[in-house]
Amino acid sequence: MSSTLRPKTQPRMGSISRNRPDEVSGALLAWYDRHQRVLPWRAREGKAPDPYHVWLSEIMLQQTTVQAVKPYFEGFVACWPTIEDLAKAPLEAVLDRWAGLGYYARARNLHACACKIVADFGGRFPSDEKTLKTLPGIGDYTAGAIAAIAFDKVAAAVDGNVERVISRMRFIDEPLPKAKKAIRAETLALVPDRRAGDFAQSLMDLGATICTVRAPKCGICPWEGVCIAHAKGRMEDLPIKPPKKRKPVRHALAFWLESEGDVLLRRRPAKGLLGGMLEVPSSPWGDEPLDDDAALAHAPNAADWAILEGTVRHTFTHFHFHLKVARAHIRADARPDGLWVPMHDLDGLPTVMRKVAHMVQKQKA
DNA sequence: TAGGCGTGGGC
DNA sequence: TGCCCAAGCCT
């Protein structure tokens, strides 16, 4: 990224005018030059960013922590070094490698987007927000982030971090999501003509490391002097979020069927919850716990099913899940049709199903 | 527009 | 422990 536009004399701390967008953004860029995080998807000093890496990381980072993303990003880039490689891969391979990261529609859209970039755009990402937003999995935030970070376009990338930082700094006390329009306008007004990508990343770094949800570190914030929420002592009141709803509990019985070191799995329907992912077969997921006999009627075959002690508990976005597990062994010549997978090769399972496997292994010991 | 859609960490 | 939250998107 160009660093040529840094002012010759940096504004002194506390001397920034909150009515001068160039001074406000300049103070943040100066902070970013000293304190930016080193992340695997960021371009090295003086190097042009790789749009494929920017896009891949932005999709993975949607609603997901940096620490969780790091190993997946490295794994994807090692397995599919270019977007052409990713487009050529079977969707199932992409989903299996995404397993554990959550929000699996992202992986389906990722693959669809890669195919579209290769088929319709010659393997090159468009650089304008409007075209980016036509691609699967790319919305307002991600379009702005790619335009700014990969192509240094003047664009606002308003994510949860930016909503928090800007709503505090400008004291926008309207509740979300109504506040989004004002936050976006305030953010866009601050984007500098040069270093728009650095500015986008600096806002996110500030939100992630200084302007945190709880206990923000205002004493070391480059915007302490211009932040209205800080002046009022109201930092932790913003942004105002709508109340959450209670999660209901759903129940099911999973069927762990073993045969000579393999376990029976199946692939879920392509869309919806865990769409396209591998799973341990189970009874339908219902609002009430099924009694054992009723649940066992859904078993994939007639076998000597034993219901294990304990319950797998897992929380999805909008419900809690209580899963009992039944287990049986059969001979190889009695296997029902299905996907038989070696028990040492269960990396493609989503977390809830890994919990099932873990419970079975624990009860063997 | 509001609800569906995962997971792991922090307190 | 239960709840909140993290670089949102889609319908």
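Reminder, nothing fancy here: chain letters follow the sequence lines and each chain counts from 1. The figures here come from the full heavy-atom set of this structure, side chains too, leaving out hydrogens, waters and symmetry mates. What you are looking at is a predicted structure, and each value in this text was computed from that prediction instead of being measured.
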Whole angstroms only, please: what is the [atom1]-[atom2] distance between [X] and [N]?
| X | N | atom1 | atom2 | answer |
| --- | --- | --- | --- | --- |
| A:Leu238 | C:dC5 | CG | P | 13 Å |
| A:Leu132 | C:dC9 | CG | P | 11 Å |
| A:Met60 | C:dC9 | CE | C1' | 16 Å |
| A:Lys178 | B:dT1 | NZ | C1' | 12 Å |
| A:Lys133 | C:dC9 | NZ | P | 9 Å |
| A:Trp285 | B:dG4 | CH2 | C1' | 14 Å |
| A:Lys181 | B:dT1 | NZ | C1' | 16 Å |

(message) What I want to find out is whether A:Arg164 reaches A:Asp159 closely enough, with some N-O distance under 4.0 Å, to be called a salt bridge.
(response) no
Test question: given the 4.5 Å side-chain rule for I, L, V, M, F, W and Y, name all other residues clustered with [X], or answer none.
| X | value |
| --- | --- |
| A:Leu238 | A:Phe171, A:Ile228, A:Ile240 |
| A:Tyr103 | none |
| A:Met235 | none |

(message) Holding to side chain to side chain contact (heavy atoms under 4.5 Å, CB included), I want the full list of residues that pass it with A:Pro281, two or more places apart in sequence or in another chain.
(response) A:Leu264, A:Arg266
Would you say [N] has OP1 or OP2 under 4.0 Å from some side-chain N or O of [X]?
| X | N | value |
| --- | --- | --- |
| A:Lys244 | C:dC5 | yes |
| A:Lys245 | B:dG3 | yes |
| A:Lys247 | B:dG3 | no |
| A:Arg164 | C:dA6 | yes |

(request) Just grab all the ring-ring contact (aromatic ring centres under 6.0 Å, His included) pairs involving residues 113-133 of chain A, residues at least two apart or on different chains. (result) A:Trp55-A:Phe125
(message) When you measure from the side chain of A:Trp305 to the backbone of A:Ala299, do you find a donor-acceptor pair of N or O atoms at a distance under 3.5 Å?
(response) no
(message) On DNA chain C, does the nearest nucleotide to A:Leu61 precede the nearest nucleotide to A:Leu135 from the 5' side, or the other way round? Give the residue.
(response)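 So the residue in question is A:Leu61.
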(request) Considering only atom P, compute the distance from B:dG6 to C:dT11 and round it to an integer number of Å. (result) 14 Å
(request) Look at all strands and tell whether A:Leu39 reaches a base, only sugar-phosphate, or nothing, counting heavy atoms closer than 4.0 Å. (result)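 Here A:Leu39 touches the bases of the nucleic acid.
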(request) Would you mind classifying the nucleic acid contact of A:Trp98 as base, sugar-phosphate or nothing, using non-hydrogen atoms under 4.0 angstrom? (result)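 Counting heavy atoms under 4.0 Å across all strands, no contact is made by A:Trp98.
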(message) Treating primed atoms plus P, OP1 and OP2 as sugar-phosphate and everything else as base, which nucleotides of nucleotides 5-11 of chain B get B, S or - for protein heavy atoms under 4.0 Å?
(response) BBBS---
